[in-house]
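It should be emphasised that the depicted structure is a prediction, and the values quoted were computed from it without experimental measurement. So that the names make sense, note that chain A is the first sequence line, chain B the second, and so on, each numbered from 1.
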Amino acid sequence: MDMLHIRPRPGQGVYVFEFPVRIWHWTMALAVFALFITGHFIGKPLHTLSGGADDLFYLGYTIMAHYIAAFILIIGMVCRIIWAFFGNAASRQIFLPRVWDKDWWADLKSDIKWYLFLSKEPRIHMGHNPLAQLGMGVCVLDIVLMCLTGLGIYQSKTGDEFFHLFRFVQDFAYWTGGNVIDLVVWHRIGMVILVAFVILHLYMVIREELMGQTTLISTMVSGFRLVRAAKTAKESAKRQ
Amino acid sequence: MSVHTPETHYEAIRRRGISRRDFLKFCTMTAAFLGLSHSMGAKIAQALETKPRLPVIWINGLSCSCCTESFIRSSHPLAKDIILAMISLDYNDTIMAAAGDQAMAAFEETIKKYRGNYILAVEGNPPFGEEGMFCIDGGRPFLHKLETGAAGAKAVVAWGNCASWGCVQAARPNPTHVRPVHKVIHDKPVIKIPGCPAIPEVMSALVAYIVTFDSLPDVDGEGRFASFYGKHVHDQCVRRAHFDAGEFVESWDDEGARKGYCLYKMGCKGPTTFNACPATRWNNGVSYPIESGHGCLGCAEQGFWDQGSFYSRIMDIPAFGTMATAQTIGKAVGGVVVAGVAVHAALSAVSHLKKTRCEKEAAQLEAEDIATTNADAETSLKTKNAALTENEASTDAGQAASQAHTHSKKEGNES
Ligand code: HEM
Ligand code: HEM
Ligand code: SF4
Ligand code: SF4
């Protein structure tokens with residue numbers, strides 16, 4: 001039986017998120033926040049307050065920071081995808097929701113009911129719940145598209161031969177009848193989607209933390225999922 | 001034109017009264033534009049002196065002729081003369097003296113005479129709507145002329161944005177159904193030199209290249225003359241230092257505009273436009289649009305008419321029915337998500353509180369229930385134990401008692 005199906009007794013921990021998944025999650029989250037902020041100011045730069053072009057490099061540094069965070073994100077994403085081949089069952093969930101599995105759909109239905117307040121019983125998942133898998137799958141796909149459009153814009157600016165590997169992104173923009181400016185537009189729309197995900201993600205995580213039956217944030221920190229003391233009437237009564 | 005030995009470019013240039021010194025300057029400059037080493041200027045000069053002139057046939061489809069205008073209106077006599085002499089147009093319906101039947105005859109004659117050797121420069125593009133009737137040339141759709149011209153050409157040059165990408169007449173909804181040259185001519189190499197207008201020096205450099213190296217120059221992934229379209233305007237811009245420093249023109253005629261700050265916030269498309277104008281400049285090197293204080297329109301790019309205002313960085317996205325921008329989409333999505341989360345959070349809080357209260361009450365009730373049943377069980381156990389002590393000989397009953405004991409112990413551990 002894989003770890004996703006273990007049903008531990010309350011208080012017992014299950015090792016769900018291995019070290020590479022955790023370190024990836026937090027570096028990625030930091031990089032993404034940095035990219036939001038620097039990206040926003042690249043799109044709508046502030047006017048410098050004082051000084052001159054001979055000694056100032058404010059937007060230059062902003063772009064540099066964007067690139068540094070971008071390459072951290074890209075390298076992290078590549079490593080994370082490779083890890084999905086070697087990690088435990090939970091490490092594959094965001095890439096491969098088990099849509100061919102009947103149980104998965106039943107689970108998804110119960111998830112939706114839970115979020116629509118139709119069911120009052122919190123469910124227990126060792127990995128991600130199906131709804132979270134879908135959301136995180138979209139998030140990961142969006143990050144990949146951000147990396148691709150970003151690299152497409154980047155290669156159009158650099159003379160470095162290596163990055164001409166990503167010339168195909170630019171060629172694709174021309175194929176659709178546009179030019180590099182479309183890559184910038186797609187890059188911005190991708191950011192909108194990612195911001196929406198992050199808001200939802202933070203809300204869901206905090207909500208589950210408070211209302212659900214398992215640990216979440218500490219799970220992403222330590223890797224161990226704990227089922228909390230059960231809160232249902234029967235169980236809490238039984239233990240009196 | 002000499003009948004026995006074909007004329008060279010050098011002869012054509014000298015015939016126009018241009019000095020050898022100016023000719024050599026031109027060769028060196030062209031070598032620089034092409035990114036060749038300094039000594040290559042001499043090689044170009046030698047080729048232009050000794051090899052036969054490369055004939056150019058120039059035809060106009062649906063276009064505004066701004067490319068021809070930019071060609072013949074270079075203010076400085078040197079540039080105009082050298083470039084015109086270089087191209088030494090054998091046929092150009094806009095600027096040649098012949099007209100009507102005479103012009104048609106000249107066209108037929110030229111393509112016959114130079115078959116397989118000439119360059120066909122196409123300005124404008126053929127419309128396909130109404131069977132091509134939107135552009136009639138010599139009584140027939142322009143498409144016919146384009147196809148006849150291309151059939152005998154060594155290569156086709158898509159000259160300007162119309163021929164390269166479609167330009168304004170291809171802007172949505174493209175009422176005359178124009179197509180750029182590369183979507184019409186498939187059996188000949190097509191070299192794009194986009195721009196609205198295209199830069200004249202690029203054409204003379206192209207001719208010099210072909211004459212010097214007897215081959216066509218490299219083109220990039222989009223079919224453009226690679227030497228001139230490898231860099232964004234932004235990456236060669238004279239105002240770039242102001243961009244990096246964060247110094248912008250915020251509105252026309254403000255302090256920043258007078259100081260020559262970056263035009264990014266005024267909608268400059270330099271960051272996404274491949275062209276060489278900061279290097280070649282216009283009007284024989286006087287300046288180029290950004291240097292003169294106006295943002296780049298992106299005139300060398302595909303679809304630049306359809307990409308929103310020339311004065312805004314935010315591009316329209318027609319896919320969303322009404323003209324939306326990434327910004328409006330962002331605001332809408334952000335608003336919906338935040339509102340959704342707020343409502344859901346409020347409902348969650350209500351349902352959570354309700355549930356915990358119910359649970360507490362239920363738990364209390366059940367706890368009382370269980371307490372009473374436990375009490376019942378205890379009393380029954382006690383009576384049983386009492387009975388057991390009375391009857392010590394019964395081993396069966398003793399086992400039952402110890403079992404009950406361990407069971408209650410386990411439950412105790414758990415809670
Ligand atoms: C830029 C911001 C963020 C992005 C793009 C993001 C994305 C993701 C993704 C893709 C996963 C799935 C991880 C995997 O299975 O490999 C995940 C899981 C998780 N994230 Fe984030 N995250 C972000 C920020 C945060 C923050 C700030 C927190 C903490 C409050 C957080 C808490 C969690 C938790 C607790 C999980 C595990 C959820 C579960 O157990 O089902 N995330 N996140
Ligand atoms: C979460 C991921 C990312 C977000 C939210 C993000 C956001 C943005 C935004 C808002 C802009 C400004 C667009 C504009 O001009 O209006 C931008 C520009 C840019 N981004 Fe990203 N970005 C992300 C990832 C990346 C990645 C992975 C790369 C890869 C190298 C990248 C490369 C670029 C480049 C080259 C530019 C143009 C900079 C310039 O104008 O010089 N971005 N980004
Ligand atoms: S004026 Fe335009 S091309 Fe020049 S640095 Fe500013 S944004 Fe770039
Ligand atoms: S600055 Fe831009 S719009 Fe102006 S000529 Fe150059 S490429 Fe065309």
Side-chain angles (χ1 to χ4, degrees), chain A residues 9-10 43-48 51-63 115 117 120 153 156-157 159 167-168 170-171 173-174 177-189 191-193 195-197 199-200 202-203 206-207 210-211 231-234 236-240, chain B residues 220-222 230-232 234-235 241-248 250 256 261 264-265 269 271-274 298 301-304 306-307 313-315 317 325-327 329-330 333-334 336-338 340-341 344-345 347-348 351-352 355-356 358-359 362-363 365-367 369-371 411 414-415:
Chain A
R9 311 190 66 81
K44 287 188 179 170
L46 300 173
H47 200 293
T48 186
D54 46 358
D55 58 344
L56 280 180
F57 199 63
Y58 135 73
L59 192 55
Y61 287 129
T62 310
I63 292 175
Y115 285 111
F117 308 103
K120 303 281 182 226
I153 306 168
S156 79
K157 294 173 182 294
R167 176 84 190 198
F168 75 92
Q170 181 184 321
D171 293 341
Y174 278 92
N179 60 63
V180 177
I181 206 171
D182 291 86
L183 295 180
V184 174
V185 172
W186 300 339
H187 203 63
R188 291 201 135 244
I189 295 177
M191 167 154 131
V192 168
I193 296 170
V195 169
F197 169 82
I199 297 172
L200 284 173
L202 291 183
Y203 169 63
I206 293 168
R207 183 184 192 271
L210 295 175
M211 295 174 66
K231 284 179 182 161
T232 60
K234 267 184 207 145
S236 49
K238 243 190 226 156
R239 285 183 284 111
Q240 288 254 324
Chain B
D220 69 7
E222 277 71 55
K231 276 185 184 162
H232 287 303
H234 183 64
D235 295 328
H242 294 297
F243 174 87
D244 289 331
E247 294 178 319
F248 304 101
E250 304 281 343
Y261 286 175
Y264 192 63
K265 289 183 165 182
K269 303 293 187 295
T272 53
T273 303
F274 287 108
E301 286 302 336
Q302 183 172 220
F304 80 106
D306 283 329
Q307 288 166 331
R313 292 204 61 249
I314 311 292
M315 198 181 115
I317 304 163
T325 62
Q327 211 173 20
I329 295 171
V333 171
V336 168
V337 168
V338 170
V341 163
H344 200 269
L347 290 174
S348 300
S351 108
H352 188 58
K355 194 173 132 215
T356 39
C358 285
E359 269 172 15
L365 280 174
E366 270 191 52
D369 244 31
I370 290 170
E411 267 201 348
E414 219 169 78
S415 53

Contacting region of S351(B) [heavy-atom separation from chain A under 4.5 Å]: side chain

For chain A, the option from R313(B), K231(B), H234(B) that forms the most heavy-atom pairs under 4.5 Å: R313(B)

Which portion of F117(A) sits near chain B, non-hydrogen atoms under 4.5 angstrom: side chain

When V184(A), L183(A), I181(A) are compared by non-hydrogen pairs under 4.5 Å with chain B, the top option: I181(A)

Aromatic ring proximity, centroids under 6.0 angstrom, Y261(B) and F248(B): no

Top contributor to chain A contacts, counting heavy-atom pairs under 4.5 Å, from K269(B), K265(B), H242(B): K265(B)

Residues Y174(A) and E301(B): side-chain donor-acceptor under 3.5 angstrom: yes

Side-chain heavy atoms of R167(A) within contact of D220(B), under 4.5 Å: yes

Validation row: H352(B), R207(A) side chains within 4.5 angstrom (heavy atoms): no

Toward chain A, the part of V333(B) with a non-hydrogen atom under 4.5 Å: side chain

Max heavy-atom pair count under 4.5 Å with chain A, selected residue of S348(B), G303(B), A241(B): S348(B)

Residue part contacting chain B, namely of I63(A), when any heavy atom lies under 4.5 Å: side chain

Trace of the side chain to side chain donor-acceptor pair (under 3.5 Å) decision for T273(B) with H232(B): CA-CA 5 Å; T273(B) 303; H232(B) 287 303; over 6 Å; no

Separation between CG of N179(A) and CZ of F304(B), rounded to the nearest 0.5 Å: 10.5 Å

Which atoms of Y61(A) approach chain B - backbone, side chain, both or neither, heavy atom under 4.5 Å: neither

Rounded distance (nearest 0.5 Å) linking atom CD1 of I153(A) with atom OG1 of T272(B): 9.5 Å

Segment of H344(B) engaging chain A (4.5 angstrom heavy-atom cut-off): both

